[in-house]
Participant: 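Just passing along the structure, written as structure tokens.
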There are 2 protein chains.
Amino acid sequence: MLTRTPRGSSNKNHLLARGVMLWRCIADDYEQTILVGKYENGAKLPPESEIAARYGVNRHTVRRAMAELGARGLVRTERGSGSYVKTDKLDYRIGQRTRFSEIVAAAGHEAEGRLQGHRHEPASEEVAGHLGLKIGADVVRLEILRAADRVPISVATTWLSAARYADAAKVFRRLRSITRTLDHYGISGYARKWTRISAGFTDAVDAGRLRLSVHRPILVVESLDVAGDGEPILTTRGRFAADRVALIVES
Amino acid sequence: MLTRTPRGSSNKNHLLARGVMLWRCIADDYEQTILVGKYENGAKLPPESEIAARYGVNRHTVRRAMAELGARGLVRTERGSGSYVKTDKLDYRIGQRTRFSEIVAAAGHEAEGRLQGHRHEPASEEVAGHLGLKIGADVVRLEILRAADRVPISVATTWLSAARYADAAKVFRRLRSITRTLDHYGISGYARKWTRISAGFTDAVDAGRLRLSVHRPILVVESLDVAGDGEPILTTRGRFAADRVALIVES
DNA sequence: ATCACTTGTCTATTGAACTAGACAACTTGG
DNA sequence: CCAAGTTGTCTAGTTCAATAGACAAGTGAT
């Protein structure tokens, strides 16, 4: 069944990009097949052994590719049964009380927030305007990656006034939640003031963080959260994987 | 200088795509740097040792990346001296007498034509119209990759009437030139009747053959060649790497 | 001519990708 | 329950990416 020459096989060559591993090529190939709509949501993929035979490849290699698709949130694999396409989207309801962990928990998934990076910087005109600060005022900038069931959902850049929340990064890293971080600073109730939604495509950096290919669609969500007394607290620019999330706005 | 942990190093992570080799990431990164115009044509790149240090990587890995850039025709490496950016383009003059090997030889390079694939097929409406055949008539289809100094310049699909040139693929594979192939069939002088030029982007297949990234610009050149008596001989749809070729049309 | 610098080549080692095969654990349908 | 089919895991071996170091061969400037 398998050829003896691992190099110049037959049906591998049309994928084989120089410097890219086989399993990655297969994963990308299947992602295209799925995203182009050849499988419906919940449809069953062929068994690993069959896929392996079709590509002229070992089953372990296919398993690696499937693991990748699982990590990308495109496929769910069930032992003894098979692998199933998963293209349904998480409903992300935007309202006054928008809390990532609550939304994800309500949908029956496990929420996770990881701080990817942080720094102090002078406020841009935009950020200063939102937070009611002077341009150039010291602000804390956080880069946060959020995931549901280990599948990346969004990357968000959040700015807070450094005067009040200088150690926000340290606190967030420990508490792993914006809600709990603000709680730590004595802000118990905060509310969404406004939300601005646009769209775009992944750049190389976000694609890597979100485990997406480049040029996949993203939803860009800018927002401002305020305290109970209307005082601006934080402004955020989030990029949501449009393949995995739908934003719900009640009206 | 080098960290002891090969996994979670420092300045590697921003490149590291899962399932993509390190040298490929570095090559792609440098390609971007060059194509974005940060180096002029003929500019000298930093020595390999310095690049290696900057990426936190072994010099051999950088050498692999440079070899890749060489194969893509973006860089020329000179022993003992250094590596130099090569973004000048081959002038490809289109006229009545358009012969790839002559154009390349005149520019002082070594021409090469490789048959990538071939088959008989029924003529499409377009091909039939060009060659003066009935739709569905048997035609020979050749896929030819052309290179100058081992750097891919174009991929071309060529159609000939199967009635007259049934074994064209076999002949071309031996003689490695359209001119010589037609000579073998007794056609000594052929001339370009018309040429149609448009543009587009590489798909995955052409990108692989031309050793280009996907979404690089290509020049699409459709043409018809006729015998001395005006009889249509072959029609071609060529895709030229716009990064490496400029088409010259005299008027 | 010499010397610093750069690329080319060689050897050796480590770890990961991929192959190969076997068997356990689980699901599904009869 | 049983049997066929499918995924999960384990061991073993080969190939190749990447590291590490050393030295040869060539270039360019003083």
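This structure is a prediction, so every number in the text was calculated from the model and none was measured. Residue numbers begin at 1 in each chain, while the letters A, B, ... track the order of the sequences.
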Participant: For the residue pair B:Leu90 and B:Ala107, what are the closest heavy atoms and their distance?
Facilitator: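 Shortest heavy-atom separation between B:Leu90 and B:Ala107 comes out as CD1-CB, 3.8 Å.
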Participant: Are A:Val245 and A:Lys89 close enough that some pair of their side-chain heavy atoms sits under 4.5 Å apart?
Facilitator: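 When only atoms from C-beta onward are counted, A:Lys89 and A:Val245 do not touch, as no gap falls below 4.5 Å.
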Participant: Among D:dG28, C:dT28, D:dA24, which nucleotide sits nearest the side chain of B:Ser81?
Facilitator: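 Closest of the options to the side chain of B:Ser81: D:dG28.
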Participant: OH of B:Tyr55 versus P of D:dA18: gap in Å, rounded?
Facilitator: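 For the pair B:Tyr55 OH and D:dA18 P, the rounded distance is 14 Å.
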Participant: Please report the closest heavy-atom contact between A:Leu45 and A:Val85, naming both atoms and the distance.
Facilitator: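 Smallest interatomic distance, heavy atoms only, reads CD2-CG2, 3.8 Å.
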Participant: Given D:dT6, C:dT7, D:dA18, which nucleotide is nearest the side-chain atoms of B:Trp23?
Facilitator: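 Looking only at heavy atoms from C-beta outward on B:Trp23, the closest nucleotide is D:dA18.
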Participant: Could you state the CG-C1' distance from A:Leu22 to C:dA16, rounded to the nearest angstrom?
Facilitator: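 Taking CG of A:Leu22 and C1' of C:dA16, I get 14 Å after rounding.
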Participant: What is the distance, rounded to the nearest whole Å, between atom CZ of B:Arg24 and atom P of C:dA17?
Facilitator: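 These atoms are roughly 17 Å apart.
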Participant: Minimum heavy-atom separation for B:Ala156 and B:Thr236, please, with both atom names.
Facilitator: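 Looking at all heavy atoms of both residues, the closest pair is CB-CG2, 3.8 Å.
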Participant: In degrees, rounded to 10°, what is the bend between the two ends of the helix from C:dA1-D:dT30 to C:dG30-D:dC1, using five pairs at each?
Facilitator: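 If I round to tens, the end axes sit 30° apart.
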Participant: Are the side chains of B:Phe100 and B:Thr179 in touch, meaning some heavy atoms are under 4.5 Å apart?
Facilitator: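 The answer is no, as the side chains (C-beta and beyond) never meet within the 4.5 Å cut-off.
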Participant: Whole Å only: how far is the CD atom of A:Glu48 from the P atom of C:dC26?
Facilitator: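 From A:Glu48 CD to C:dC26 P: 16 Å.
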Participant: Consider the side chain of A:Asn58, meaning its heavy atoms from C-beta on, and name the nucleotide among C:dT7, C:dA20, D:dG8 that approaches it most closely.
Facilitator: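 The answer is C:dA20.
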Participant: Check DNA chain D against residues 59-72 of chain B and give the residues with a non-hydrogen atom under 4.0 Å, in numerical order.
Facilitator: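 DNA chain D contact set from residues 59-72 of chain B: B:Arg59, B:His60, B:Thr61, B:Arg64.
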Participant: Starting from C1' on D:dT27, measure out to CD on B:Glu78 and report it in whole angstrom.
Facilitator: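 It is 10 Å, rounded to the nearest whole Å.
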Participant: Measure the distance from OH on B:Tyr84 to P on C:dT6 and round it to the nearest whole Å.
Facilitator: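 So the two atoms are 10 Å apart, to the nearest Å.
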Participant: Checking the side chain of B:Asp203 only, and the main-chain atoms of B:Val205 only, is there a donor and an acceptor separated by less than 3.5 Å?
Facilitator: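 Yes.
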Participant: Nearest-Å distance, CZ (B:Arg79) to P (D:dA24)?
Facilitator: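 My rounded result for the distance is 12 Å.
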Participant: Rounded to the nearest angstrom, tell me the gap between atom CZ in A:Arg76 and atom P in D:dT6.
Facilitator: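 Interatomic distance, CZ of A:Arg76 to P of D:dT6: 17 Å.
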Participant: What nucleotide among C:dT7, C:dT19, D:dT6 has an atom nearest to a side-chain atom of A:Pro47?
Facilitator: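 Nucleotide nearest to A:Pro47's side chain: D:dT6.
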Participant: Working to the nearest 0.5 angstrom, can you tell me the gap between A:Thr202 OG1 and A:Arg211 CZ?
Facilitator: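 Output value for this atom pair is 15.0 Å.
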Participant: Between B:Glu102 and B:Arg97, is the closest basic N to carboxylate O distance under 4.0 Å?
Facilitator: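 The answer is yes: the pair qualifies as a salt bridge.
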Participant: What's B:Ser49 touching, base or sugar-phosphate or nothing? Going by heavy atoms closer than 4.0 Å.
Facilitator: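 Contact class for B:Ser49: none.
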Participant: Please determine whether a side-chain nitrogen of the Lys or Arg among B:Arg72 and B:Asp28 lies less than 4.0 Å from a carboxylate oxygen of the Asp or Glu.
Facilitator: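 Here B:Arg72 pairs with B:Asp28 in a salt bridge, since their nearest N and O are under 4.0 Å apart.
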